[in-house]
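For reference, the structure is listed below as structure tokens.
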Amino acid sequence: MVPRSVLGYCIMGNKVLLFLFFLGLFSSCETPPKVSASATEEIAKQVLDDHSYSNISRVRTTHLDLELDVDFVNRKIYGVARHSLKNLGTDTVIFDIKGLDIKKITYERKGKEYETDFVIGNMDKDSILGQPLIVRIEKNTDRVSIYYETTSESEALDWLAPQQTSSGKSPFLYTQGQAILGRTWIPLQDSPSNRLTYSAKVKVPSGMMALMSAENPKKISEDGTYNFTMSQPIPSYLIALAVGKIAYHPYSKKCGVYAETELLNKAAYELVDLPRMIHAAEKIYGAYRWGRYDVLLLPYSFPFGGMENPKLTFLNPTIITGDRSLVSVLAHELAHSWSGNLVTNRTWDDFWLNEGFTVYFEHRIMEELYGKDMSEILATIEFQELQDEMTRINHSEHPQDTRLKLDLTGRNPDDGMTQIAYVKGAFFLKTLEATYGRRKFDAFLNSYFKKFAFKSIRTEDFLAYLNEKLILPNKKIEFNPDEWIFEKGLPKNCFKIENNRLQKMIDLANQFASGVDIFKKKRRVIKIKRRRKVIVEQLERNDHITQEWQTFIRALPQNLGERAMQRIDSQLQFSTCGNSELMAEWFVLGIKNNYKAQLPEIEHFLKKVGRRKFLVPIYRELLKKSDLNEFTISVFDASSPNLHAVSRKTIEKMVSKIRSSEIQATKTDQ
Ligand code: BES
Ligand code: ZN
């Protein structure tokens, strides 16, 4: 019996303080080392990361050995998490858990397992962090095993029914650990400030393949048992698992793509530039340090565009368009193999170290493969998104969130996952590059990745290194990095990009808005084998790439009117083109313009796609239209069981505001 009620917590100042009430707490243990009252204060002091309860400065996991049994019938993982510990002599080890059912905990002495006592703290106020799992150990204990089961509250896990997959025949499971969901499927010291290696033995139903962020199989195992090792130390949020009817397509000895059999050919076609991307990345920032680099294409419910699980990037199938126009997501996830996975943010307040560097590096890889125009186009679009985000944040409860170094104490780390980290971060680095020159900046970044490889660092560590290696040795150049990192908004010296190709699309949108028939047929004379031929041309979607059309849609007037929308749609088929970036953008404009003919397409999209980046703006617009409330709520209710918790919770919050105002309205009607 676990005495759950004896542990309380409170939030004081910046820190989560744990209060243990020790009396009789560990009394059932055979050889219980006494826990002194001063341990409480010690624990309070040890909190290094506002988003983890773990006491890693006293005792930390160095290696995790997992035994996992994946049960699709009960939608449960039965697990044993064996933690090898570096113990500095403490009698208490604290893990993070959320939505886990802890069955039993043992510690090892002279190779034998002894059951030990544990306490589970209360859930924190907004149930962001979950609960501390406090385990009694001996001062020299170096191995603890936690026997547990996941529950329906294990938010990292997405259990898909066969009809949600491409085959329609076999179920699928995947996990999403970042930022603090690792603790919902494994009891962990779930802070990016700690790094651990791991191994796993995973049992799945026969006929299915299991993959992890580790050395992976290429073929389905007969008996459904798989063994994994990740021998480089990684932060806990990068532990990942996927199980399904999956097949493999190799590109080279080093890399390839996994997907459900039905999607494999399309995936293999779309991502064919992967070996070139790896080559380009290595040329810029040095050797790829993780052995293989494979990609797994997930089902549509995946809440992100991509996730940089080491050795096995997870990708959203919405990037498969047939024209390879969205592969920058792949470049982005690959770039994380340096920024994020090799050098990791120490806390979620330093998130920009992961994402800002990665967006910068993504653009460099794209430039290397497809030219400067392409990287400029991406940067321009993102810069526009950054400006919108800045306006939103300036009007929000937390205007200080436009700083790169965040303070997310008492908040969900998700709050910090904005375009500030991604795009302001990338533009900081672009500005440094423009100021010091690419050669010097590349040399600096190369040495940065070497110096901090396999470490988790704070923004301040980066800043000190930047000052030492780049700013001080070039005294003649003036640069104030503090302004970029610790102050709100965008510094005046921010690097500027202007791209002609995108300007042309803005002009086109303006022409359309002013009544010019941009779809007018034009006759043109061409020469084929010295013979003149007259051809008739008309603007079509294939004339421009995704990002150009995105710019076009964004530049159209917001009150375009239904008829104009129809005209564009019949020429360019944005509603039905299958390119999710364009569809999402177009749907938002359509809702603003009461373009009702599009509603069936919107419904179909919302029931199929789980990527949060697309769902949020579409639902936001839908919810503004009171005449569409019924439609919106019924679409959400029908699709929500198919969403990953990350997306479901976000949209639920948005929809619940409408629900509660409706309830309020019925009450006043009565
Ligand atoms: N690591 C992120 C995804 C993430 C961030 C998950 C924070 C959970 C918490 C990933 O690398 C990412 O940034 N994905 C982007 C794509 C990218 C091209 C900007 C996405 O999902 O849209
Ligand atoms: Zn990223």
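As the structure lists them, so they are numbered: ligands from 1, and atoms in each ligand from 1.
In terms of distance to the Zn ion (ligand 2), the nearest N, O or S atom of His332 is named NE2. Considering just the N/O/S atoms of Glu355, the one nearest the Zn ion (ligand 2) carries the name OE1.
In terms of protein heavy atoms, atom 7 (C) of ligand 1 is closest to Met417 SD, 3.4 Å. Counting protein heavy atoms only, atom 13 (O) of ligand 1 is closest to Tyr422 OH, 2.6 Å. Of all protein heavy atoms, the one closest to atom 20 (C) of ligand 1 is Gly305 N, 3.4 Å. Atom 2 (C) of ligand 1 has as its closest protein heavy atom Glu355 OE2, 3.4 Å. Annotation: atom 10 (C) of ligand 1 to nearest protein heavy atom, Gly306 O, 3.2 Å. Scanning the protein for heavy atoms near atom 5 (C) of ligand 1, the closest one is Gln178 OE1, 3.4 Å.
The closest approach between a heavy atom of Arg612 and any atom of ligand 1 is not below 4.0 Å. Assignment of Tyr237 to the shell around ligand 1 is not supported, since no heavy atom sits closer than 4.0 Å.
Atoms of ligand 1 found under 4.0 Å from any heavy atom of Gln176 (numbered from 1 in listed order, with element): 6 (C), 8 (C). Which parts of ligand 1 touch Phe351 is read off a 4.0 Å heavy-atom cut-off, strictly below it: atoms 5 (C), 7 (C).
Residues Tyr465 and Phe444 place their aromatic rings such that the two centres sit under 6.0 Å apart. The aromatic ring centres of Trp586 and Phe552 sit 6.0 Å or more apart.
The closest non-hydrogen atom to atom 16 (C) of ligand 1, taken over Lys613, Gln419, Glu333, comes from Glu333. For atom 18 (C) of ligand 1, the choice among Arg611, His332, Glu382 with the nearest heavy atom turns out to be His332.
The aromatic rings of Tyr619 and Phe636 sit perpendicular to each other, their planes meeting at more than 60°, with 30° as the lower class boundary. Using a 30° and 60° split on the angle between ring planes, Phe462 and Phe357 fall in the perpendicular class, above 60°. Under the 30°/60° scheme for interplanar angles, the aromatic rings of Trp352 and Phe428 are found to be tilted.
Of the heavy atoms in Glu308, only side-chain atoms (C-beta onward) come closer than 4.0 Å to ligand 1.
No donor-acceptor distance shorter than 3.5 angstrom exists from the side chain of Lys608 to the backbone of Ser301, with no hydrogens or angles considered.
Judged purely by distance below 3.5 Å, without hydrogens or angles, the side chains of Ser191 and Ser52 never pair a donor atom with an acceptor atom.
Checked against side-chain contact (heavy atoms from CB on, under 4.5 Å), Thr358 has the following partners two or more places apart in sequence or in another chain: His332, Ala335, His336, Ser339, Glu355.
Within a 6.0 Å radius of NE2 in His279, no more than 12 heavy atoms belonging to other residues, nucleotides or ligands are found.
Residue His336 places at least one N or O, backbone or side chain, under 3.5 Å from an N or O of ligand 1.
Between Asp349 and Arg411, no side-chain nitrogen of the basic residue sits less than 4.0 Å from a carboxylate oxygen of the acidic one, so the salt-bridge criterion is not met.
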